[in-house]
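For reference, positions follow the sequence shown, starting with 1.
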Amino acid sequence: MQNIAKINHIQLQLINTNASIENFITLYKFPLEPKELVKSNYLINRISKLGIFFQTQVIGLFEFIDFFGVIFIKSISLPFNLNKIRWSDFPELFIRNGIMALPITLLIVFLIGLISGYQGALQLKQFGADIFIADLVGISITRELSPLMVAILIAGRSGSSFAAQLGTMRVTEEIDALDTMGFDRYNFLVMPRILSVALSIPILVLICNIVGILGGLIAAMFTLDITLIGYFNRLQDALSIGDVVSGLIKSWFFGYLVSMIGCFKGLSVSGGADSVGKRT
């Protein structure tokens, strides 16, 4: 541009520039000379990639801590900001992540109860402790196995779904548009999803507890000489309300963490569709 101005005897002045524009003009003022390609060492490349990997992990950890802090504050202040949450999405999310997840969770926990009962019956039969099969199945299902298996299924089903949904919205710049229009992305997108899972997963676990115990009952009746009445009488003595409540509390924490991590991964998407798949 300056050369053309000199040829035509035109005085050229650049006004109202800033540092970024001056850098841009300086960059194209002189032609760039191509640099020779330097072959790098294989070992150096591997060490460099390892360093980049650890750097990415550390940055991701700090980002997750920041995200966790924001969600924790939003959760604590939720009773005072109920009108700021997008409740119109909550019923659909609750049905999709709760009721529609019921068949697969019931099937898995039933099989877990059946297998636990069968394996326990083989061992207890050797010592004449057949009736204690109710203790084994009832306590293990309600305290550990049912909350854990439901959380794993919800992680694979709802957690990945949240990551894919929010990641797609991130790629298509829908979330940036919401920020531009003044919407809070956490109240608008994240909190309804977290609440839908956190409130539905204890209900799933409670129903799965019953199905898992019935699975153990079937294994006990066909493997050991135990009646239906005897099984439930022993179960009533062995199983306390504390066992059930502890499992429900665990499931609530599992659901909260699973949904939060899924939303965090979705909001962390950058680039194109490949990043959505990786985060999911």
Side-chain angles (χ1 to χ4, degrees), residues 67-68 71-82 85-114 116-117 134-163 165 186-187 189-217 232 235-236 238-266:
F67 181 81
F68 178 80
I71 296 301
F72 181 76
I73 294 174
K74 295 286 185 183
S75 301
I76 294 298
S77 61
L78 181 63
F80 309 100
N81 298 302
L82 292 175
I85 305 297
R86 182 179 169 85
W87 293 108
S88 59
D89 289 343
F90 180 80
E92 181 183 356
L93 292 170
F94 187 85
I95 293 173
R96 185 189 305 166
N97 300 299
I99 297 176
M100 295 182 67
L102 197 58
I104 183 64
T105 53
L106 289 179
L107 175 63
I108 295 300
V109 177
F110 174 78
L111 294 176
I112 291 293
L114 187 67
S116 299
D135 300 55
L136 186 148
V137 173
I139 295 176
S140 64
I141 288 292
T142 56
R143 290 182 68 94
E144 303 294 340
L145 295 178
S146 181
L148 180 63
M149 294 309 300
V150 172
I152 291 174
L153 293 171
I154 292 297
R157 192 177 181 279
S158 300
S160 59
S161 174
F162 293 163
Q165 289 172 359
Y186 300 102
N187 290 333
L189 298 174
V190 177
M191 290 305 298
R193 286 169 167 78
I194 293 178
L195 291 175
S196 67
V197 174
L199 295 178
S200 63
I201 194 171
I203 301 174
L204 290 175
V205 170
L206 194 60
I207 300 174
C208 289
N209 287 341
I210 300 173
V211 175
I213 290 173
L214 292 178
L217 170 64
F232 280 108
L235 183 66
Q236 185 177 4
L239 193 63
S240 65
I241 190 66
D243 298 323
V244 178
V245 172
S246 65
L248 296 179
I249 294 174
K250 288 179 184 178
S251 68
W252 185 85
F253 277 105
F254 288 159
Y256 191 88
L257 289 175
V258 162
S259 57
M260 184 176 62
I261 293 172
C263 293
F264 169 73
K265 289 295 184 180

Review point. Can you tell me how far CD1 of I85 sits from CD1 of I194, rounded to the nearest 0.5 angstrom?
Key: 9.5 Å
Review point. Going by heavy atoms in the side chains, are L93 and R96 under 4.5 Å from each other?
Key: yes
Point to revise | Considering all heavy atoms, the nearest V197-S158 contact | key: CG2-CB, 4.3 Å
Review point. Nearest 0.5 Å, what's the CD1-CD1 distance between I71 and I76?
Key: 12.0 Å
Practice item. Answer yes or no: is there a donor N or O on one side and an acceptor on the other, between the side chain of W87 and the main chain of L82, under 3.5 Å? Key: yes
Check your understanding: So do the side chains of N187 and K74 get within less than 4.5 Å of each other, counting heavy atoms only?
Key -> yes
Check your understanding: Hey, does M191 have a side-chain heavy atom less than 4.5 Å from the side chain of R86?
Key -> no
Point to revise | Where G212 and V137 come nearest, the two heavy atoms and their spacing | key: O-CG1, 4.0 Å
Review point. Counting N and O atoms only, with roles assigned by atom type, does the side chain of T105 sit under 3.5 Å from a partner on the main chain of L102, one being a donor and the other an acceptor?
Key: yes
Review point. Measuring from I203:CD1 to I99:CD1, what's the distance to the nearest 0.5 Å?
Key: 8.5 Å
Review point. Any side-chain heavy atom of F162 within less than 4.5 Å of one from V258?
Key: no
Study note, to complete from the structure: Closest non-hydrogen atoms of N97 and S196, given as atom of the first, atom of the second and distance, are ND2-OG, 3.6 Å
Practice item. Identify, with sequence neighbours excluded, every residue that meets salt bridge (Lys or Arg N to Asp or Glu O under 4.0 Å) alongside R143. Key: D243
Practice item. Report yes if some heavy atom in the side chain of L106 is under 4.5 Å from a heavy atom in the side chain of L204; otherwise report no. Key: no
Point to revise | Test side chain to side chain contact (heavy atoms under 4.5 Å, CB included) applied to K250 and F253, W252, F254, the passing residue | key: F254
Practice item. Might you work through the side-chain contact (heavy atoms from CB on, under 4.5 Å) test for D135 and L235, ending with a clear yes or no? Key: CA-CA 6 Å; D135 300 55; L235 183 66; over 6 Å; no
Review point. Would you call L189 and C263 a side-chain contact if the rule is heavy atoms closer than 4.5 Å?
Key: no
Practice item. May I have the step-by-step check of side chain to side chain donor-acceptor pair (under 3.5 Å) for N209 and S146, ending in yes or no? Key: CA-CA 6 Å; N209 287 341; S146 181; 3.0 Å; yes
Review point. For F232 and L217, which heavy atoms make the closest approach, and how far apart are they?
Key: CE1-CD2, 3.7 Å
Exercise for review: State the OG-CD1 distance between S240 and I139, to the nearest 0.5 angstrom.
Suggested key: 7.5 Å
Exercise for review: Taking the side chain as every heavy atom from C-beta outward, state whether V109 and V211 have any pair of such atoms under 4.5 Å apart.
Suggested key: no
Check your understanding: Just by modelled atom types, is the L248 backbone N or O under 3.5 Å from a matching donor or acceptor in the S251 side chain?
Key -> yes
Practice item. Quick one: pull up CD1 in I213 and SG in C208 and give me the separation to the nearest 0.5 Å. Key: 11.5 Å
Review point. Step by step, would you call R193 with M260 a side-chain contact (heavy atoms from CB on, under 4.5 Å)?
Key: CA-CA 8 Å; R193 286 169 167 78; M260 184 176 62; over 6 Å; no
Exercise for review: Supply the atom-to-atom distance F67 CZ to Y186 OH, rounded to the nearest 0.5 angstrom.
Suggested key: 6.0 Å
Exercise for review: For residues F90 and L199, determine if any side-chain heavy atom of one lies less than 4.5 Å from a side-chain heavy atom of the other.
Suggested key: yes
